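Please read the structure below before turning to the comments.
Proteins come first, then strands; the chains are lettered A, B, ... in the order of their sequence lines, and each starts at number 1. Everything numeric in this text was worked out from a predicted model, so none of it was measured.
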There are 2 protein chains.
Amino acid sequence: MSYSIAEAARRSGLSIDTLRYYERIDLLEPPARDAAGRRAYSEEDLAWLSFLTRLRTTGMPIRRMREYAKLRRRGLASAGRRKVILVEQRGAVAERIAELQACLEVLDYKIDNYDRIEQADAALHREASA
Amino acid sequence: MSYSIAEAARRSGLSIDTLRYYERIDLLEPPARDAAGRRAYSEEDLAWLSFLTRLRTTGMPIRRMREYAKLRRRGLASAGRRKVILVEQRGAVAERIAELQACLEVLDYKIDNYDRIEQADAALHREASA
DNA sequence: AGTTGACCTGGAGCGCGCTCCAGGTCGTAC
DNA sequence: GTACGACCTGGAGCGCGCTCCAGGTCAACT
């Protein structure tokens, strides 16, 4: 089973342009082509894309993803170095989550303040119309 | 107490250029100036900067921060709309955290796989040298 | 008086990650 | 045979958030 670029885009959630772009910058091995020279993405291609989008979601820069992709092309021998990249990224993600949670607290605090302002305001109106 | 731009940069963690840039794009009210025309940031300026950097950390686009800043300049009357922005952002942050946590699981899974590869590899070496 | 260094302004430039475009080729449907 | 639509290529353009630069002013120090 293989997929046209439009199908691959739909399934990966990336745009057609982005798929071609990823190929150009060596994130993605050039997929097979059909008789007419059109890209035919395999299930494997899609699985790799799905992992790539995970990495992107974590905020990994494309430069680093290319590094990972390059290692992957070298096969098993590069497994150690690939693992290092993932472990590093895991750390970065954990940090980022902590950072966001701290921000969440600040937001909650501010929102609480606005709540109090609203209540004071409502009280004022009750008083005025009493 | 007021602070030179260098001090403000040090305390806010932003660069001097970024401070001037924020002022240019109306994120920051133009701070007071000393006799020589140099910026003199107040404690309030710094507090606002610190909140701004929180918002940036959550990934709020600058466009939206400007909106918030503009409302703030309009005083109490805009409190309701400012609250809406913060509540919305809180939602976005919560979503983002969830997304990152999902990615974390994928990373853990992949890293586990690499661990297994390493162990299998180590076993092979033991066998070979036995 | 001269040098240094922090600061000023307006504007250009940059790295990132796409996104869009022009101009062309195919295969299918009418 | 022609119109259409999906796809192709190479390359330009874009929005974001800074970052850097040239050329200048000013206060302090020697």
Are A:Tyr109 and B:Leu52 connected, step by step, through hydrophobic side chains (Ile, Leu, Val, Met, Phe, Trp, Tyr) whose heavy atoms are closer than 4.5 Å?
no
Spacing of B:Asp34 atom CG relative to C:dA6 atom P, expressed in whole Å
15 Å
Same cluster (ILVMFWY, side-chain, under 4.5 Å), B:Val87 and B:Leu76:
yes
Test of understanding: with side chain to side chain donor-acceptor pair (under 3.5 Å), list the residues that count as partners of B:Tyr22, not counting sequence neighbours.
none
Send over the distance from A:Ile25 CD1 to C:dG15 C1', rounded to a whole Å.
13 Å
Cationic N near anionic O, under 4.0 Å, A:Glu7 to A:Arg10
yes
For A:Glu29, give me all partners under salt bridge (Lys or Arg N to Asp or Glu O under 4.0 Å), at least two apart in sequence or on another chain.
A:Arg73
A:Leu107-B:Val84 co-clustered via ILVMFWY side chain contacts under 4.5 Å:
no
Would you say the side-chain atoms of B:Ser50 pair up with the backbone N or O of B:Leu46, donor to acceptor, closer than 3.5 Å?
no
For the residue pair A:Ala40 and A:Ser2, what are the closest heavy atoms and their distance?
CB-OG, 3.7 Å
When the distance from CZ of B:Arg66 to C1' of D:dG15 is rounded to whole Å, what number comes out?
14 Å
Counting primed atoms plus P, OP1 and OP2 as sugar-phosphate and everything else as base, spell out the protein contacts along nucleotides 17-30 of chain C at 4.0 Å heavy-atom distance: B, S or - for each nucleotide, 5' to 3'.
BBBB-----SS---
Rounded off to whole Å, could you give me the CZ-to-P distance for the B:Arg39 and D:dC26 pair?
15 Å
Near DNA chain D, which residues from residues 4-13 of chain A have a heavy atom under 4.0 Å away?
A:Ser4, A:Ile5, A:Ala6
I'd like to know if A:Arg20 and A:Glu23 make a salt bridge, using a cut-off of under 4.0 Å between side-chain N and carboxylate O.
no
From CZ of B:Arg33 across to P of D:dC26 the rounded distance in Å is 13 Å
Describe, in one word, how the ring planes of B:Tyr68 and B:Trp48 are oriented to each other, choosing from parallel (under 30°), tilted (30 to 60°) and perpendicular (over 60°).
parallel
Selection: residues 84-102 of chain B, any non-hydrogen atom under 4.0 Å of DNA chain D
none
Please report, rounded to the nearest Å, how far the C1' atom of D:dA6 is from the OH atom of A:Tyr41.
14 Å
Report the residues that fulfil salt bridge (Lys or Arg N to Asp or Glu O under 4.0 Å) with B:Arg72, sequence neighbours left out, ordered by chain and then residue number.
none
